[in-house]
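Below is one structure, written out as C-alpha cells, with a few remarks after it.
Numbers restart at 1 for each chain; the letters A, B, ... are given by sequence-line order, proteins then strands. What you are looking at is a predicted structure, and each value in this text was computed from that prediction instead of being measured.
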Amino acid sequence: MAQLLQLTLNGRARVDAVPDNLLLLYYLRELVGLTGTKTGCDGGECGACTVLIDDEPRLSCLMLAASVAGRRVDTVESLGEDGQLSAVQRGFHEKLGSQCGYCTPGFIMSSVGLLRRNPRPTDDEIRAALGGNICRCTGYVKIIEAVKHAIELHEAGVEP
Amino acid sequence: MQALPEFELLRPTTLDDARKARAAHPESQIIGGGTDLMVNIRRGIVAPPVLIDLTGVAELRKINADETSLEIGASVTLVELAAHPQVIKHYPVVAEAAAHIAGPMHRNMGTVGGNLCLDTRCIFYNQSEWWRGAIHHCLKTTGDICHVAPKSRGVCFATFSGDLAPALMTLDAEIGVARADGIRAMPLNALYIGYARQDEPQTATRGDGKHFLSLRPGEIVTSVSVKNTPGLRSAYDKIRIRRSIEFPVCGVAVALRRDGDALIDLRVAFTGTNSRPVRLEGTAALCGGTPDARVLQDLDALVRDQVMAMKTTFTPGHYRRRVAGVLARRLVTRLFES
Ligand SMILES: Cc1cc2nc3c(=O)[nH]c(=O)nc-3n(C[C@H](O)[C@H](O)[C@H](O)COP(=O)(O)OP(=O)(O)OC[C@H]3O[C@@H](n4cnc5c(N)ncnc54)[C@H](O)[C@@H]3O)c2cc1C
Ligand code: SF4
Ligand code: FES
Ligand code: FES
C-alpha cells in the first residue's frame with residue numbers, strides 16, 4: 001500500500017507517494033536525499049535521527065513517513081540562511097561541541113527545539129532536553145557549552 | 001536501508017472509524033507513538049498486517065483535570081500529561097511518572113494508551129531476529145522454552161515496565177475500553193493479568209509475561225480516569241541505569257493520607273519487577289500509627305512477598321526486589337513528613 005504524503009519539509013510544501021511501511025528516516029535520506037539526518041542505533045535509543053515535527057523533537061527512525069501528513073518537518077538542512085550558520089550551528093562549531101560529528105545533527109535539532117519553545121533555558125533544562133541524544137566523543141561538557149553559546153547568539157538576534 | 005515487513009497503515013480521525021477499522025481487521029494492531037511497537041516490528045518480533053494509528057483521533061486527545069477528577073484520552077502524549085498544570089497540582093504521582101518515562105523525544109511521541117499497553121520486556125526478547133534465532137526463539141515468540149527459567153513449564157516471566165500504570169493504580173484508576181459494539185469500563189488493575197504462576201493453569205484472567213493484558217481481540221483502550229481523594233499525597237520514583245533515558249530497574253508509586261500523627265491510608269504500586277504492575281496488598285495493616293521503623297519493616301515484608309523479579313533484565317532479580325523496598329520506604333517517609 002502507498003499513500004500521497006503532503007507535508008511542509010524545511011519550509012517548502014511537498015507531495016510524495018510513500019509506501020505505508022516507509023520510515024520517516026528513510027523517506028528523508030533515500031527518497032528526498034537529505035542525508036543530514038543520521039541513522040545511529042536504528043531503534044530509538046541514540047537520538048542521531050532527531051528531526052522537528054511542528055517544532056517538537058522526534059525520532060525519525062521510529063516514525064512512519066505517512067504519519068507526518070499535513071505537518072511541518074524540519075531537518076538540520078533547514079538551518080542557516082544564505083551561507084550563514086544558525087545560532088545553534090555556530091554554538092557547536094565555535095565551542096567544539098562536535099568531534100566525529102555523527103551525533104551532531106541530532107543534538108542540534110534537539111537544541112533548536114529547546115530554544116524555540118524556551119529561549120532562556122537553565123543548565124538543568126538544557127541537560128534534560130538533550131537527555132535522549134548520545135555522543136561517544138565529546139563527553140557532553142562541550143555540547144552544553146555550545147548550547148549556552150547558542151543562547152547568547154540567539155539573544156543577539158541570530159535565529160536558533 | 002532495512003525494509004520493514006509489508007503492512008497497511010490506517011489513520012482514522014474519529015473513534016467510530018477506529019472501532020470499525022479494528023472490527024474489519026481483527027489481525028490489526030494499534031499504534032500510538034510507535035516508540036515501543038516500531039522497535040518490535042523492526043526487530044522482527046511482531047509483523048501485524050494492519051496498523052491503526054490513533055494519534056489523529058480528536059476524542060482521544062483530551063485531558064480533563066480538576067480537583068475532583070482526572071480523565072486522560074489514550075492518544076494524549078506523555079509530554080502533554082507531564083506538563084499539565086492541573087495534573088501536576090492535583091495528581092502529582094501521574095505527572096511525575098510521565099516525566100520519568102524514556103527520553104524527551106519518546107515523551108513527545110509516546111501516548112498514554114501505548115504506555116498502559118506496553119509490551120513486556122526480557123533480555124532474551126528485546127533483541128534482533130538474528131540474536132534471538134541464534135539461541136533458539138523463546139516461548140514469548142515462536143519457541144517453546146523460556147531461557148530465564150527453562151523449567152517454567154510454558155510460563156513466560158517477561159517484565160511489565162510501563163511507568164504510568166503503578167501511578168494510576170494508586171489512585172484506583174478505571175479505563176474505558178471500546179469494541180465494535182460499545183464501550184465498557186473496568187478497573188485498570190484488571191487490565192493486567194501477568195500473574196506468571198507455574199502452579200496454576202493459565203486462564204483468560206490469569207496469564208503470564210506473554211499473555212499479560214486482559215483485552216479481547218478488537219478492543220481499544222480509549223481513556224483512563226481517576227477520582228481525587230481529598231488529602232491524598234502522592235509521588236513517583238524510579239531507579240534506572242541511565243537517569244536520562246531508560247526503562248525502570250524498578251519504579252514505585254506511593255499515595256497516602258495522614259491524620260495528625262497517624263498514617264490513615266497507604267497505597268503502593270510497583271513496575272519493572274513482575275509480569276504485571278503490582279498494587280501491594282495488605283497495606284491497611286500498616287496504617288493507624290506513625291510509619292516508624294517497625295511499620296517500614298512490615299512494608300518491606302509485604303514487598304518481599306509480592307514483588308517477584310526474575311532474571312529478565314541486566315540487573316538481577318534480588319537487587320530489583322531490594323530496590324523496590326528501599327524506594328517504597330523512602331517515598332512513604334518523605335510523603336508522610338512533607
Ligand atoms: C530507549 C527507550 C526507553 C524507554 N523507556 C521507557 C521508560 O522508562 N518507561 C516506560 O514506561 N516506557 C519506556 N519506553 C517505551 C515507550 O517509549 C513508552 O512506554 C511509550 O509510552 C509507549 O507509547 P507509544 O504510544 O509510543 O506506544 P506504541 O509503541 O504505539 O504502542 C505500544 C503497545 O501498545 C499497544 N497500544 C497502543 N495504544 C493502544 C490503545 N489505545 N489500546 C490498545 N492497545 C494500544 C500497541 O499495539 C503496542 O502493542 C522506552 C522506549 C525506548 C525506545
Ligand atoms: S521470560 Fe522466558 S519466555 Fe519470556 S521473554 Fe524471557 S526468555 Fe522468553
Ligand atoms: S537512529 Fe533513531 S534513535 Fe538511534
Ligand atoms: S561527536 Fe562523535 S558521537 Fe558525538
With a 4.5 angstrom heavy-atom cut-off, could you sort out which part of [X] is near chain B: side chain, backbone, both or neither?
X         : answer
Leu59(A)  : both
Ser67(A)  : both
Glu45(A)  : both
Ala129(A) : backbone
Ile134(A) : side chain
Ala2(A)   : neither

Among side-chain atoms of [X] and [Y], is any donor-acceptor pair under 3.5 angstrom?
X         : Y         : result
Arg107(B) : Thr77(B)  : no
Ser161(B) : Thr159(B) : no
Thr75(A)  : Asn10(A)  : yes

Please check: side-chain N/O of Arg71(A) versus main-chain N/O of Thr8(A), any donor-acceptor pairing under 3.5 Å? no

Side-chain donor/acceptor of Tyr102(A) to backbone N/O of Lys38(A), under 3.5 Å: no

Checking heavy atoms, do the side chain of [X], its backbone, both or neither come under 4.5 Å from chain A?
X         : result
Asp53(B)  : side chain
Leu51(B)  : side chain
Arg242(B) : side chain

Who wins among Gly113(A), Cys61(A), Ser110(A) for the most heavy-atom pairs under 4.5 Å with chain B? Cys61(A)

Mind checking whether His100(B) and Tyr236(B) have parallel, tilted or perpendicular rings, split at 30° and 60°? perpendicular

Flag the one option from Gly103(B), Pro104(B), Ser244(B) with the top tally of heavy-atom pairs under 4.5 Å to chain A. Pro104(B)

Does Arg121(B) qualify as a cation-pi partner of Phe247(B), given the criterion of NZ or CZ under 6.0 Å from the six-membered ring centre and within 45 degrees of its axis? yes

Could you check whether any side-chain heavy atom of Arg58(A) comes within less than 4.5 Å of a side-chain heavy atom of Met109(B), counting everything from C-beta outward? yes

